[in-house]
> 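Here it is: the structure, laid out below.
Numbering of residues begins at 1 and proceeds along the displayed sequence. Note that this is a predicted model, so its numbers are computed, not measured.
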Amino acid sequence: MLNSVSNSCDPDSSDFNSCSSSDDELNSSVSSFLSLPSLPEVLDSHFNDVQKNFNVVHINAQSIPSHFSDMLASFNNKHIHAILISESWLKPCLPSSSYALPGFHLIRNDRTGSRGGGVAIYLRSHIPYSVLSTSPQPPPSDAGEHLFIEVTLSHTKVLLGVYYSPSSSVNFFNSFDKLVVDFTPNYKHSIIMGDFNTCLLKNDSRSACLQSIVKASNMNILPSNSTHHFPNCLPSLLDLIIVSSTNHVAKHGQCGADGFSYHDLIFLSYKIRPSKAKPRILLQRNFGGMDMDSLRRDAQNIDWDVVLDAGGVDEQISAFNSLLTNLYDVHAPVRAIKLRHLPAPWLTEDIKHIINKKNAAKSKYKAQPTDGNKLKFVTLRNHCNKVCRDAQRRHIHKSVENGDPAKVWNFLKSLGVGKSRNHVVPKDLNLDSLNSHFSSTSDLDTATKIKTLNHLSSIPTPDFPSFNIRQFSDCDVKKNILAITSNAVGSDNISRNMIVPIIDIILPIITHILNSSINSGTFPSPWKEAQIIPLPKKLNPSSFSDYRPISILPFLSKVLEKLVHYQLSGFLIRNNLMNPFQSGFRPGHSTVTALVKITDDIRLGMENGKLTILSLLDFSNAFNTVNFDLLLGILRSLNISPTVIDWFHSYLHGRQQRIRIDDSYSKWCCTNAGVPQGGVLSPLLFAIFINSISENLSSSYHLYADDLQIYTQSVTSDLPQAIAATNNDLNIILDWSRRYGLKVNPTKTQSILIGSSRLLCNVDYAHLPSIIFDNVQIPFGNVVKNLGIFIDKHLSWGPQLDSVSRKVFGSASSLRRLRNFLPTSTKIALSQSLLLPILDYADASYLDLTQEQLNKLERLQNFCIRFIFWLEEI
């Protein structure tokens with residue numbers, strides 16, 4: 001989004017506040033070219049009379065990051081529906097939010113492994129699409145780069161694709177032929193545009209081969225003049241429009257795009273009517289406009305005794321929600337907010353004029369490549385870049401200085417800082433099918449479950465008082481309400497913002513409801529409904545497994561769970577009921593404590609001349625396959641009272657969920673297994689469920705939630721026996737998993753043999769027995785990833801430091817673009833939040849670094865300092 005830095009970092013300098021050139025010579029040097037229409041004006045003229053068609057343009061951009069200001073200024077025509085990009089020059093570390101065009105989704109296929117390249121499509125956000133095919137990255141030597149999508153225009157499916165051949169020496173024809181044959185027969189309408197680096201003005205073998213492929217697929221290359229104009233070279237026709245039906249072509253052509261590259265922009269108007277964009281409406285309460293005194297007066301005048309007099313806890317919640325909703329309907333009514341795709345706020349009309357002057361100067365230099373014209377173009381280009389940078393800097397300073405921290409972070413995320421914002425969910429995603437995929441099920445057969453339940457019932461009752469949930473006090477309830485900071489609104493439409501302003505008035509009512517739930521052994525039915533937000537795990541998700549479910553639960557349900565969690569975890573800790581080597585969801589424990597324990601044990605073994613066999617086990621979808629009856633049986637075995645068991649039974653059973661994307665919803669779907677998604681109690685309940693998995697193990701082990709690591713140490717001569725012991729323990733774990741209904745994934749299980757170089761040199765791997773898990777051989781790796789850190793066979797920490805270095809530089813990539821645009825205080829906060837945690841994570845587990853490795857860490861710290869103070873050297 002941001003170009004290279006300017007010479008001035010002072011936002012109050014005169015240059016910083018200047019947005020126009022005072023140099024008359026610069027203004028007059030391109031006067032003749034300024035009289036020509038600019039690219040936005042040209043596009044307006046081409047598409048004004050075909051507004052109802054599907055209008056597509058293609059440009060070889062030669063770097064979206066470098067030309068993003070030009071893109072914002074050029075592609076603001078509301079009648080353009082898709083912008084196809086060759087040579088996007090985007091990288092996976094560059095977030096899409098940094099290069100978002102208002103009103104468009106950005107669909108990408110970035111080149112990796114080398115600079116340049118990459119293809120992308122900007123598609124109007126209201127047009128449904130799905131990704132059909134992307135070229136592998138880095139691209140093979142005998143293929144080009146492509147991105148093919150299916151778009152839905154009204155009720156018509158259309159194949160839309162962009163193709164790029166990196167050079168005229170790439171023999172991409174076989175791969176392109178296969179691509180066309182695989183996809184175009186499935187669509188009545190196909191549109192492919194791109195830079196094919198094959199000049200159709202030449203009568204050579206490349207030209208003939210490409211035309212033969214297109215003709216054989218019953219498609220057509222639309223006629224065009226030369227599209228590539230490089231100084232002192234013959235013009236060439238490289239950028240092509242390929243369509244399935246010329247009868248549907250209302251208009252096509254080309255126009256100069258000197259602001260981007262030496263390639264012309266090509267455009268097409270195809271006679272299929274796309275659906276109209278519907279304004280996105282959000283219904284929100286106007287909490288900011290409330291009169292707090294009036295709100296509190298009216299809240300005190302409400303007869304809250306209606307809630308106390310209601311029958312069951314469900315009726316109490318219904319009455320409470322009704323009264324609270326009516327109160328806020330008066331003081332913070334729901335209002336419809338129309339979301340708009342706002343252009344870049346810093347891109348003023350004056351700046352657009354300067355961009356047009358720069359492009360005109362480039363056109364003049366291109367037409368008349370003299371030294372004088374080159375100097376004038378370079379001068380205008382540098383001036384334009386400075387004006388854009390200064391405008392961006394002013395906008396960013398204004399947005400981050402003295403602002404609310406939450407709003408500042410949201411603004412910084414919109415610039416691509418921190419974790420990338422959610423990737424786009426395709427419009428045609430089947431929400432009901434996705435909800436079914438997310439819904440929990442258990443494959444445990446009845447006979448096995450009965451056998452396991454009988455075993456649990458035979459366990460002697462522990463000799464300590466049974467667990468009962470104590471009554472909640474107003475003080476406890478208020479403390480937990482204020483401790484939850486999320487403003488997410490659940491299915492009951494009651495948010496934190498509706499509770500906190502009048503908490504002192506309604507606190508006794510809320511406390512009564514929560515205590516009624518405990519006393520009756522009933523978890524409220526309205527609080528069992530979850531709204532699921534699917535977040536794509538990667539760009540261009542292709543299957544349901546590419547989505548991660550985020551569960552939104554009613555606010556007060558989380559308060560109740562938090563109160564129960566506090567008492568239950570205290571009971572477990574007091575009576576030493578939790579596995580001592582479970583580091584998940586326990587106070588004072590974390591992934592770091594687990595890693596420190598394991599790595600210290602490995603070091604001790606190395607000091608004693610022993611090798612360590614470390615196996616890292618993987619469970620499939622473990623949290624979502626917990627069997628309700630077995631979990632309740634485990635709770636009974638821990639001496640949880642019958643009343644509390646009834647409450648947990650009610651808590652687990654009868655839950656429903658549905659997918660929510662904007663204002664679209666799936667049908668409600670029941671969940672029949674698994675600890676509730678997003679529940680405060682869920683992690684603790686899972687830790688209780690898996691608590692006994694380590695029984696009867698002879699190996700050392702450590703747990704973090706469902707991450708189980710087992711390790712055995714021995715001298716070299718005893719390795720076969722140690723491997724046999726490991727295999728025996730793996731069989732014990734497999735048997736436990738089958739009895740309790742969890743699924744192990746042996747193909748993702750890792751194993752490694754760790755020791756000093758001297759000891760490992762004496763290992764005869766050829767005759768060493770294999771690690772076997774569920775009849776799958778687990779080979780010894782050289783490096784494994786355990787709870788976020790990389791452990792190699794010598795415990796040398798080289799792979800771990802390489803990973804830390806990659807993460808620091810990857811996270812800093814978005815920050816480096818902003819280092820001259822942010823106040824120092826903001827840069828310090830960003831370094832502390834985004835960079836230093838990478839260096840700090842689990843550093844206690846690898847203290848035995850060499851001086852060279854310590855120097856590398858120091859250089860990474862210095863890198864953070866350079867970002868803050870913009871120093872070239874430390």
> If you define the side chain from C-beta out and look only at heavy atoms, does anything of N487 sit under 4.5 Å from S495?
no
> Report the residues that fulfil side-chain contact (heavy atoms from CB on, under 4.5 Å) with Y841, sequence neighbours left out, ordered by chain and then residue number.
T591, V592, L595, L787, I789
> For L835 and L830: C-alpha separation, side-chain torsions, deciding distance, then whether side-chain contact (heavy atoms from CB on, under 4.5 Å) applies.
CA-CA 7 Å; L835 300 182; L830 288 173; over 6 Å; no
> Can you confirm whether the side chains of S525 and D314 place a donor and an acceptor under 3.5 Å from each other?
yes
> To check you understand the geometry: which heavy-atom pair defines the closest contact between L514 and L556, and what is its length?
CD2-O, 4.4 Å
> Can you list every pair that meets salt bridge (Lys or Arg N to Asp or Glu O under 4.0 Å) and has a residue in residues 501-511, with sequence neighbours left out?
K478-D504
> Mind checking what makes side-chain contact (heavy atoms from CB on, under 4.5 Å) contact with S551, not counting sequence neighbours?
A530, I532, L553, Q677
> Ignoring hydrogens, what is the shortest heavy-atom contact between R660 and I533? Give both atom names and the distance.
O-CD1, 3.3 Å
> Has S833 got a side-chain atom pairing as donor or acceptor with A829's backbone, closer than 3.5 angstrom?
yes
> Take V675 and L681 through the side-chain contact (heavy atoms from CB on, under 4.5 Å) test and state the conclusion after the steps.
CA-CA 8 Å; V675 288; L681 277 167; over 6 Å; no
> Does some side-chain heavy atom of S125 sit less than 4.5 Å from a side-chain heavy atom of F104?
no
> For D329, check salt bridge (charged side-chain N to carboxylate O under 4.0 Å, His left out) against everything at least two apart and list the hits.
R285
> So, for H126 and S275, which heavy atoms are closest and what is the spacing to 0.1 Å?
NE2-O, 2.9 Å
> Give a yes or no answer on whether the side chain of R496 reaches the backbone of I484 with a donor-acceptor pair at less than 3.5 Å.
yes
> Among all residues two or more places apart in sequence or in another chain, which pass the ring-ring contact (aromatic ring centres under 6.0 Å, His included) test with H565?
none
> I'd like to check the salt bridge (charged side-chain N to carboxylate O under 4.0 Å, His left out) partners of D546; sequence neighbours left out, ordered by chain and number.
K538
> Which pair of heavy atoms, one from N639 and one from P462, lies closest together, and at what distance?
ND2-O, 3.6 Å
> Could you list the residues that satisfy ring-ring contact (aromatic ring centres under 6.0 Å, His included) with Y665, not counting sequence neighbours?
none
> If you define the side chain from C-beta out and look only at heavy atoms, does anything of T522 sit under 4.5 Å from S517?
no
> For the pair W527 and F523, name the ring-plane relationship: parallel under 30°, tilted 30 to 60°, perpendicular over 60°.
perpendicular
> If I take atom CG from residue N480 and atom CD from residue E561, how far apart are they, to the nearest 0.5 angstrom?
12.0 Å
> When you measure from the side chain of N691 to the backbone of N579, do you find a donor-acceptor pair of N or O atoms at a distance under 3.5 Å?
yes
> Using the rule given for ring-ring contact (aromatic ring centres under 6.0 Å, His included), can you reason through F623 versus F689, listing the C-alpha separation, both sets of side-chain angles and the distance that settles it, and then say yes or no?
CA-CA 10 Å; F623 277 66; F689 186 81; over 10 Å; no
> Calculate, to the nearest 0.5 Å, the distance between atoms CG and CD1 belonging to L327 and I506 respectively.
9.0 Å
> Go through F555 and S486 one step at a time and tell me if the side-chain contact (heavy atoms from CB on, under 4.5 Å) criterion holds.
CA-CA 8 Å; F555 174 74; S486 172; over 6 Å; no
> Can any side-chain N or O of N435 pair as donor or acceptor with the backbone N or O of K667 at less than 3.5 Å?
yes
> Between the side chain of T325 and the main-chain N/O of S322, is any donor-acceptor distance below 3.5 Å?
no
> Is a donor on one side and an acceptor on the other found under 3.5 Å between the side chain of K528 and the backbone of Q657?
no
> Taking it one step at a time, do R335 and Q284 satisfy side-chain hydrogen bond (donor to acceptor under 3.5 Å, both in side chains)?
CA-CA 5 Å; R335 57 177 180 173; Q284 293 183 340; 5.6 Å; no
> Within a strict 4.5 Å, meaning less than it, do heavy atoms of the P676 and Y651 side chains meet?
yes
> Holding to ring-ring contact (aromatic ring centres under 6.0 Å, His included), I want the full list of residues that pass it with Y566, two or more places apart in sequence or in another chain.
none
> Output all residues satisfying side-chain contact (heavy atoms from CB on, under 4.5 Å) with D476, sequence neighbours left out; order by chain, then residue number.
S473, L563
> Does some side-chain heavy atom of T593 sit less than 4.5 Å from a side-chain heavy atom of Y704?
no
> Testing the basics here: between I552 and V489, what is the closest heavy-atom pair and its distance to 0.1 Å?
CG2-O, 3.5 Å
> How are the rings of H653 and H649 set to each other: parallel, tilted or perpendicular (split at 30° and 60°)?
parallel
> Salt bridge (charged side-chain N to carboxylate O under 4.0 Å, His left out) with D629: which residues, sequence neighbours excluded?
K449
> Roughly how far apart are D706 CG and N621 CG, rounded to 0.5 Å?
9.5 Å
> Out of curiosity, D432 CG to I659 CD1, how far, rounded to the nearest 0.5 Å?
9.0 Å
> If you define the side chain from C-beta out and look only at heavy atoms, does anything of K562 sit under 4.5 Å from V559?
no
> Ignoring hydrogens and angles, write down the donor-acceptor pairs under 3.5 Å from the side chains of residues 301-308, residues two or more places apart or on other chains.
{"residue": "N301", "atom": "ND2", "partner": "R297", "partner atom": "O", "Å": "3.1"}
{"residue": "D303", "atom": "OD1", "partner": "D305", "partner atom": "N", "Å": "3.3"}
{"residue": "W304", "atom": "NE1", "partner": "A299", "partner atom": "O", "Å": "2.9"}

> Q567: what forms a side-chain contact (heavy atoms from CB on, under 4.5 Å) with it, not counting sequence neighbours?
F467, I469, R470, F472
> In terms of the angle between their ring planes, are H437 and F544 parallel, tilted or perpendicular, with boundaries placed at 30° and 60°?
tilted
> Is there a donor-acceptor pair closer than 3.5 Å between any side-chain N or O of E529 and the backbone N or O of S491?
no
> For S831 and P837, which heavy atoms make the closest approach, and how far apart are they?
O-CD, 4.1 Å
> If only atom types and distance count, is the side chain of E315 paired as donor or acceptor with the main-chain N or O of G312 below 3.5 Å?
yes
> With rounding to the nearest 0.5 angstrom, report the CD1 to CD1 distance, I640 to I688.
6.5 Å
> Measure the spacing between CE of M578 and CG of L703 and express it to the nearest 0.5 Å.
9.0 Å
> State, yes or no, whether a side-chain contact exists between C475 and K479 at a heavy-atom distance under 4.5 Å.
no
> Taking it one step at a time, do Q471 and N519 satisfy side-chain contact (heavy atoms from CB on, under 4.5 Å)?
CA-CA 8 Å; Q471 293 285 292; N519 295 335; 2.5 Å; yes
> Check whether D291 reaches the backbone of D293 with its side chain - one donor and one acceptor, N or O, closer than 3.5 Å.
yes
> Would you find a donor on one side and an acceptor on the other, under 3.5 Å apart, between the side chain of D492 and the backbone of P554?
no
> Does any part of the side chain of L295, heavy atoms only, come nearer than 4.5 Å to the side chain of M292, both counted from C-beta?
yes
